[in-house]
Amino acid sequence: MNSGSGRTVRLILRAEHFLWFAGFLCLGIAGAAIVESHVFQSTESAAFDRALATLPSEPASAGASSGANAAHPSAASALAHGGVLGRIEIPRVGVRAMVREGVDDRTLGIAVGHIPGTARPGESGNIGLAGHRDTFFRALRDVRKGDVLTLTTLAGTARYRVSSLNVVDPQQTEVLAPRAVNAVTLVTCFPFDWIGSAPKRYIVGALAEGSLQRGGR
């Protein structure tokens with residue numbers, strides 16, 4: 001084997017070793033993110049359930065304009081504690097996640113994020129929530145009109161029913177505009193199987209029904 005061939009083989013082996021190292025590094029980073037998400041959800045869900053257990057169960061009006069923080073003073077402390085606002089559930093498709101304030105990368109890596117500028121969970125108006133299509137909102141691809149969605153805060157549990165499913169451009173932010181009715185708007189990237197940054201947004205709209213139930217029940 002001449003020196004040129006030997007040099008080529010060494011370069012190929014080094015490139016192979018680098019690719020293996022990069023692959024394991026990526027797997028390690030992804031694994032750490034999954035663990036962090038699981039720990040956050042488990043810890044905050046347990047703390048939230050303990051807080052719910054201490055609350056009275058008398059009913060309150062769902063249309064109260066003062067919102068969750070005024071309905072029970074503990075709701076304000078929940079927002080201050082890591083920005084956790086409550087829990088979203090869509091039982092038929094298995095969505096169950098804690099909701100945290102904000103839509104930055106770290107927040108969306110560990111929770112469903114509340115979109116700033118929209119009504120907060122427990123308040124009247126249009127509540128905007130965002131989640132990654134490959135984690136907390138993966139199951140939105142299976143959501144149907146008529147599915148039940150619940151948002152639980154320390155003020156109680158509000159029930160919504162899915163009324164619309166749409167695909168929009170990222171610039172179509174009017175889906176998050178204030179509304180005269182109480183609603184929830186869920187936002188995730190689309191298509192669900194797209195590799196990389198997806199070009200569209202999948203929007204699930206749900207309208208409130210019934211009354212707010214105190215005590216998270």
Side-chain angles (χ1 to χ4, degrees), residues 37-104 106-132 135-137 139-140 143 147-162 176 179 182-188 204-217:
S37 173
H38 178 75
V39 169
F40 178 87
Q41 288 290 319
S42 297
T43 301
E44 294 299 335
S45 182
F48 187 67
D49 286 337
R50 288 193 297 270
L52 286 176
T54 68
L55 300 180
S57 57
E58 67 271 14
S61 170
S65 59
S66 54
N69 290 349
H72 196 282
S74 297
S77 62
L79 177 58
H81 177 60
V84 174
L85 298 175
R87 178 189 290 134
I88 180 175
E89 296 179 81
I90 309 177
R92 193 187 67 78
V93 296
V95 171
R96 189 175 193 270
M98 301 305 295
V99 178
R100 193 171 190 242
E101 180 62 30
V103 291
D104 56 278
R106 172 167 169 75
T107 294
L108 295 185
I110 59 177
V112 169
H114 168 253
I115 300 172
T118 68
R120 288 197 179 113
E123 294 180 344
S124 300
N126 186 15
I127 301 166
L129 302 177
H132 285 316
T135 55
F136 300 107
F137 277 178
L140 290 191
V143 165
D147 282 347
V148 171
L149 179 157
T150 61
L151 279 178
T152 302
T153 68
L154 294 185
T157 295
R159 177 184 168 105
Y160 303 80
R161 195 168 293 276
V162 174
L176 298 172
R179 302 180 62 176
N182 292 337
V184 173
T185 300
L186 307 182
V187 181
T188 194
V204 176
L207 297 176
E209 60 177 28
S211 59
L212 182 72
Q213 299 298 313
R214 289 293 295 272
R217 304 301 181 203

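Reckoned from all heavy atoms, side chains included, excluding hydrogens, waters and symmetry mates. Numbering starts at 1 and runs along the sequence shown.
Arg96 has its side chain out of reach of Pro91: every pair of non-hydrogen atoms, C-beta onward, lies at least 4.5 Å apart. Residues Glu123 and Leu85 form no side-chain contact, since every pair of their non-hydrogen atoms from C-beta on lies 4.5 Å or further apart. A 4.5 Å side-chain heavy-atom check between Val99 and Phe136 finds every atom pair outside the cut-off.
Between the Thr54 side chain and the Ala51 main chain, a donor and an acceptor come within less than 3.5 Å of each other. For Gln41 (side chain) and Ala97 (main-chain N/O), no donor-acceptor pair under 3.5 Å exists by modelled atom type. Remark: side-chain polar atoms of Thr188 are paired, donor with acceptor, to backbone N or O of Gly131 under 3.5 angstrom.
Of the inter-residue distances, the one linking Arg179 atom CZ with Ile127 atom CD1 reads 11.5 Å to the nearest 0.5 angstrom. For the atom pair CG (Leu151) and NE2 (His114), the distance works out to 10.0 Å, reported to the nearest 0.5 Å. Between Arg159 atom CZ and Leu149 atom CG the span is 10.5 Å, to the nearest 0.5 Å. Between the CZ atom in Phe137 and the CG atom in Leu108 there is a gap of 9.5 Å [rounded to 0.5 Å]. A distance of 9.5 Å separates CG in Asn126 from CG in Leu207, rounded to the nearest 0.5 Å. One distance of note links OH of Tyr160 with OG1 of Thr185; it measures 10.5 Å at 0.5 Å rounding.
When every heavy atom of Arg87 is checked against every heavy atom of Ser45, the shortest pair comes out as NH2-OG, 2.8 Å. Taking all atoms of both residues into account, the shortest heavy-atom contact from Val103 to Pro116 is CG2-CD, 4.2 Å. The shortest non-hydrogen separation linking Ala111 to Arg100 is CB-CB, 3.8 Å. Of all heavy-atom pairs spanning Val84 and Phe40, the tightest one is CG2-CZ, 3.9 Å.
When the options Val95, Val112, Leu129 are evaluated for a side-chain contact (heavy atoms from CB on, under 4.5 Å) with Leu186, the one that passes is Leu129. Exactly one residue among Val204, Leu140, Thr150 makes a side-chain contact (heavy atoms from CB on, under 4.5 Å) with Ile90. That residue is Leu140.
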